[in-house]
Protein chains: 2
Amino acid sequence: MQSTHLREHNLSAVLRALQAAGEPTSRAGLASLTRLTKPTVSKLVEELIGAGLISEGDPISAGAGRPMVPLRPAAGTLLAIGLEIAADHVSCLGVDLTGSELSRRTVYGRAASAEEAIARAAQLVREVRADAPDLPVVGVVAAVPGRISPDGRLVLSAPNLDWTDVPLVEGLRTHLAPEAGDIVALNDNRLSVLTEIDRRPSESFLYVRGSTGVGGAVVLEGSVLEGTHGWAGELGHTVVEPGGLTCRCGRRGCLEAYISYHALVEQAGLGPEVRIEDLVDELSRSSSRAEVIGVIGRSLGLAIANALNILDLSTVVLSGYLAPIAEEITPVVRETVTAHALAAEAGPISIERSDTTPDPALRGAARAALQPVFDAPGAWISRAATPAGRTA
Amino acid sequence: MQSTHLREHNLSAVLRALQAAGEPTSRAGLASLTRLTKPTVSKLVEELIGAGLISEGDPISAGAGRPMVPLRPAAGTLLAIGLEIAADHVSCLGVDLTGSELSRRTVYGRAASAEEAIARAAQLVREVRADAPDLPVVGVVAAVPGRISPDGRLVLSAPNLDWTDVPLVEGLRTHLAPEAGDIVALNDNRLSVLTEIDRRPSESFLYVRGSTGVGGAVVLEGSVLEGTHGWAGELGHTVVEPGGLTCRCGRRGCLEAYISYHALVEQAGLGPEVRIEDLVDELSRSSSRAEVIGVIGRSLGLAIANALNILDLSTVVLSGYLAPIAEEITPVVRETVTAHALAAEAGPISIERSDTTPDPALRGAARAALQPVFDAPGAWISRAATPAGRTA
DNA sequence: TTCGCTTAGTAAGTTTCCATTACTAACCGC
DNA sequence: GCGGTTAGTAATGGAAACTTACTAAGCGAA
C-alpha cells in the first residue's frame, strides 16, 4: 500500500465507523471505534466536514465532562440514485448520504420494449435530479430482475422483462448527461439484501426471496457473495426432487417448480394478481391447507438445508412473498432444515422473516449507489475543493 | 490503520508477492508486483533478508540491462510443523518457508485412545524439532478428520477416530515445550485443499474429497471459506434423494449414503482394505459397471450442481478416492451437473482431478502452519539477530 | 572497442501522515 | 470555585514511503 492510500483508507474507516455507529458520535468516539488517535480523527473529520460528507450538530452534554460535538453523515449534500426496473413499473429513488429519501418517482405499466423501459428510467432519473439540482450525483444503480454481466453493464437475460442482452447502462448513458456519475446494473435480489444487511451488520446469513421466481443471496460477514457470474445465492434452481416437476427453465425438480409464486398460481388456476396469502387459501380448497404449506415448507426447507450445509450458516432470512407467509411455513421449513442440515447439530437454525420495508430492491439500489462515497471519500474531498463539481 | 501497521502490511505484501510469483524475482519485479517503488521494496527486502525470510541468489542476466539479483523465500531458516491424525496413523511433517520438507515422521497403527494418539503426535513433533534443533518454530497445525471448534482447540467429533470433545491442543501443549509456537487443529479437508490452492492461486472452485466420508471445501479467490462453525464445503450430507437411503449420520438421502467409500464397501460386502478401483470392479459384478458408475456420477453430480448453483462457481476439483476414478465418473458427473447447474448456461463447468501429491492433509497442515509468517513478517524481524541494521 | 541503450538497484532529500505530548474547552458535583 | 472528567486542538516529532537522481552492469551495434 502506498502512503497516499493510507489517508484514503482512514478517511473511509472514519466515515464507515460513523455510519455503522448508527447514532451521532463524537470525534473521541470515532477515535476509539477506529483505533486512531484523537488528533488524527480530528483532522480526518475536518476534511470530511469540508467535503460535506459529515455534519456537526450542537454540543450534547452527557454526564460529566465537556459535551461532545455530535457528528453524523451529512444530510442533503449529495445525491445517490437507485432505479428499479420491474415488469410492471419503473421506479427511481434519490437518497443522500444518510440514506434519507430525497425524491422518488414511479411509472406504472409494462413497457413495450427494452428501449422504452430505458427511456422511462432515464426520464425518472432526470426528474429526481431536477428535484435536487444543486447536489452532485454519486452514481446510479439499477436493480434488474435477471442476470447481469459481471461488469454490470449488460443485462444478459431478464425473463420477466423479456430482455435478452440489453445494453442497459449504455442505453441510460445516451439519455443522461455525463454528470450522472457511474451507472451500474445489479441483480435485484442481491440489492434487496442490502436493506437486510443494514439491519444486521456484519452477520452471515442466507437470504431467500420469493418474487416471480425464487432468488436469494448469500451474505458472509456483512458482504454479499457475488460468485463467478454474479448470481451466487440463486436458490430457485436448486434440485429438490430429482426427476420431479418440470420448471420454467426446462430442468426438472427445481425448487421454483414447486414454490414460486408463478408455479403456485398456475397450480391453482388463478389470475396473476392474487396475493400470496389468498393464494394459499385458494390452493387449500382443492387439497388441505396443511398439505399446501407442507409442500412449500418441505421443498424450501430441503433447498435451504443443502445451502446451509455447503455454506455452514445458521441463519436464514425469508423475504419477498415468503415474508408474509413466513409464520405459517416456518415450522415445516424448520423441521425439514433441522432434519437435513449439519449445522443444526451445533445449534438451532434461526429462520426469520425479513424487514418489511417496501421496495427493498429500489432502496438497496440507492444504498449501493452510495457505496463509492464510503469506499473512497477522498474523491469527494478533491471535488469540494474545486467547486466546479466535475473531476478532471 | 495506524502508520505503524503500514510497514507490516507492506512487508507482508512483498513476502506474499515473492511466494506467489513462484520463481526467483528481482527487487524491481517485486516493486511492480506490489506497486511499491523500488527504493521502498529495497528497504523492505533488506529487512526480510536480515530476518532470514528471503535469500539472495547470484545475479542472473536476462537479456539487456543489469542482471537481476534473484530473491526467493529463504530455505532452512525456520520450521513449520504439520500433523495429520488419521484413524490408522499419525504423521508429522516439518517444512521451511519454501515449503520444502525438512523432516517427516509417521507412526502406523490405531491408537487405543485419544490420549495415546496425542502422546504419539507430540512425540513425532519433538522428533521433527530435534531434526532441526536450531530453527525457530513457527507453529503446529494438526489435520483432524472431524469437526473442530471455531477456535481450533477442541475436536468436537471425529467419528473415524472415535473422538468426542477431545481437547487436542491442550493435550499437545502439555507434552510440548512452549517454544513449539501456536498449536491449532483444523479440519483435514480444508487443509488438503491448500495444496490445490497452491496449484491454482486466486482461483475459485469447489473441492470435493472422498475419504471415509465425502468432504470438501469451498475456495473463493484463493481463500478457503470457513463458515460459522468451520465446516463449510462439507458436501457429504447434501440431500441427493429425499427420503432415500439412510446415512451413517442417521439422516436420509445424504450423498454419503450413496457414494462414500464406506457405503460402497458395505454395499459390495467387501473388506475394509479394498482399493477404490477394485471396488468399482467388484461392485460391477453384481450389477453392470455402467450402473455403478452411473449411481456415483449422478448423485455426486446432483450434489455438485446444487452447490454450484448456490455458490456460482464453475470449477470442480475431485480429490481423495474420487481422483483415481475421476476419469471414469467425470462424463456422468458432467452430464448431471450440466443438466442442473445454472452456471452451465454461462459457460462449461470444468471438472478436474486434483493434484496427486500424497498426504495432502499433512502437507496442507504444514502449509497452514507457515501462514503466520506471511501474515505478519514483522514478528520475525524483531526476533532476528541484529535489528541494528539502521543505517545512520 | 566504445558508445548508447536498457534494466537493476541505491542514495539523498522531501512529503505525507500519523502518534505523542501537552494543552485548552466545557461541563458536573460538591 | 475547585477538582474531576470528557472533548477537542496545537505543536512537535518520527516513521514510512515517494521523488529524483544517481551508479552498476550487462547487451548490442557502429
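Just so we're on the same page: letters track the sequence lines, and every chain starts at 1.
Between A:Leu44 atom CG and D:dT9 atom P there is a gap of 12 Å when expressed in whole angstrom units. Note: CD1 (B:Ile49) to C1' (C:dT10) measures 14 Å, nearest angstrom. In this structure, B:Ile60 atom CD1 and D:dC27 atom P are separated by 13 Å, rounded to whole Å. When the P atom of D:dA16 is taken as reference, atom NE2 of A:His5 falls 19 Å away, rounded to whole Å. For A:Leu30 and D:dT6, the CG to P distance is 18 Å, given to the nearest whole Å. Between the CG atom of A:Leu11 and the C1' atom of C:dC18 there is a distance of 13 Å, rounded to whole Å. Atom CG in A:Asp58 sits roughly 17 Å away from atom P in D:dA7 (whole-Å rounding). Nucleotide D:dT23 holds its C1' atom 20 Å from the CE atom of B:Met68, rounded to whole Å.
With hydrogens and angles left out, the side chain of B:Arg66 and the base of C:dA8 share a donor-acceptor pair within 3.5 Å.
The residue B:Gly29 sits apart from the nucleic acid: no heavy atom pair falls under 4.0 Å. B:Pro39 comes within 4.0 angstrom of a nucleotide base, judged by non-hydrogen atoms across all strands. Among the atoms of the strands shown, only primed sugar atoms or phosphate atoms (P, OP1, OP2) are found under 4.0 Å from some heavy atom of B:Val69.
Closest-nucleotide positions on DNA chain C for A:Arg35 and B:Gly65 were compared, and the one nearer the 5' end corresponds to B:Gly65. Residue order along DNA chain D, read from the 5' end via each residue's closest nucleotide, puts A:Pro70 first among A:Pro70 and B:Leu6.
For A:Thr37 and C:dA19, the shortest distance from a side-chain N or O to OP1 or OP2 is below 4.0 Å. One finds no side-chain N or O of A:Asn10 lying less than 4.0 angstrom from the OP1 or OP2 phosphate oxygen of C:dC17. The side chain of B:Arg7 places no N or O atom within less than 4.0 Å of a non-bridging phosphate oxygen (OP1 or OP2) of D:dA15. Residue B:Thr40 has no polar side-chain atom (N or O) positioned under 4.0 Å from OP1 or OP2 of D:dA16.
Rounding to the nearest 0.5 angstrom, the gap separating the CG atom in B:Leu194 from the CZ atom in B:Arg363 is 11.0 Å. Taken from OG in B:Ser149 to NE2 in B:His229, the straight-line distance is 11.5 Å, to the nearest 0.5 Å.
Side-chain atoms of B:Ser61 lie closest to D:dC27 of the nucleotides D:dG4, D:dC27, C:dA8. Between D:dT9, D:dA25, C:dA8, one nucleotide has an atom nearer to the side chain of A:Ser42 than all others, and that is D:dT9. The A:Arg27 side chain lies nearest to D:dG8 when the options are D:dC18, D:dG8, D:dG26.
Looking at A:Arg200 and A:Glu352, a side-chain N of the basic residue comes within less than 4.0 Å of a carboxylate O on the acidic one, giving a salt bridge. Salt bridge A:Arg173/A:Glu170: absent, no basic N to carboxylate O contact under 4.0 Å. Between A:Arg72 and A:Glu56 no salt bridge is recorded (no basic side-chain N to carboxylate O distance below 4.0 Å). Look at B:Arg104 and B:Glu101 and you find a salt bridge, because one of the NZ, NE, NH1 or NH2 atoms lies within 4.0 Å of a carboxylate O, short of that distance.
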